[in-house]
Amino acid sequence: MDTELDGLNGLDAPTVLNRLGGGDFPEDLAFAITEVAGEVVRIGKEGTVTVTLAIKPAAKGQPTVVIEEKIKESPPVEPTRGAVLFTLN
């Protein structure tokens with residue numbers, strides 16, 4: 001491991017995830033999963049929940065970073081029913 005990152009050895013995944021979103025990330029992720037899973041069961045098609053973590057330097061030359069989280073929900077889409085219309089001349 002890079003010696004510049006040695007200070008992160010005590011930083012574990014649960015600690016990081018619990019600090020994201022002001023501490024709301026785990027609850028927000030659980031909500032997204034519950035919402036998409038409900039639609040998957042109701043519609044019977046696949047859905048996804050995508051988590052993106054953007055990691056940026058907090059200050060140039062400093063051993064700190066800012067992690068920005070994004071949760072994207074993609075529930076399955078119900079097929080449209082359409083309509084049959086008759087036109088008259």
Side-chain angles (χ1 to χ4, degrees):
M1 183 178 275
D2 190 336
T3 57
E4 291 181 26
L5 299 179
D6 285 344
L8 296 178
N9 288 340
L11 200 57
D12 61 289
T15 299
V16 172
L17 296 177
N18 284 322
R19 291 183 62 185
L20 293 173
D24 293 333
F25 178 76
E27 186 176 318
D28 293 345
L29 179 58
F31 180 79
I33 291 169
T34 301
E35 290 292 305
V36 172
E39 290 299 293
V40 166
V41 169
R42 187 176 74 79
I43 295 173
K45 292 186 176 182
E46 179 180 314
T48 61
V49 174
T50 304
V51 174
T52 302
L53 302 176
I55 305 171
K56 303 173 185 178
K60 189 172 183 170
Q62 297 298 314
T64 55
V65 295
V66 174
I67 303 174
E68 296 175 355
E69 76 287 346
K70 182 177 179 183
I71 300 171
K72 180 182 176 191
E73 297 177 36
S74 298
V77 178
E78 266 187 283
T80 58
R81 294 176 61 189
V84 176
L85 304 173
F86 296 94
T87 60
L88 301 173
N89 292 340

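What's counted below: heavy atoms across the whole structure, side chains too, no hydrogens, waters or symmetry copies. The structure displayed is predicted, hence computed values, not measured ones.
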In terms of hydrophobic clusters joined by side-chain contacts under 4.5 Å, are V66 and I71 together?
no

Validation row: L53, L20 side chains within 4.5 angstrom (heavy atoms):
yes

Over 12 non-hydrogen atoms of neighbours within 6.0 angstrom of CZ in R42
yes

Non-hydrogen atoms of E69 and G21 that approach each other most closely:
OE2-CA, 3.2 Å

What I'd like to find out is whether the side chain of F25 reaches to under 4.5 Å of the side chain of V51, using heavy atoms alone.
yes

Search all heavy atoms of G47 against all heavy atoms of P76 and return the closest pair with its distance.
CA-CD, 3.9 Å

pair I67-V16: side-chain heavy atoms closer than 4.5 Å
yes

Mind checking whether V40 and I33 sit in one hydrophobic cluster, side chains of I, L, V, M, F, W, Y counted as touching below 4.5 Å?
yes

Closest non-hydrogen contact found for V36 with V49 is CG2-CG2, 3.7 Å

Please examine the side chains of R81 and P79, heavy atoms only from C-beta on, and report whether any two atoms are closer than 4.5 Å.
no

Looking at side-chain heavy atoms only, is the closest gap between E78 and K45 below 4.5 Å?
no

Would you compute the distance between atom CD of E73 and atom CG of L29 and round it to the nearest 0.5 angstrom?
9.5 Å

Nearest-0.5 Å distance that lies between atom OG in S74 and atom CD in E39:
12.5 Å

Separation between OG1 of T52 and CD of E68, rounded to the nearest 0.5 Å:
11.5 Å

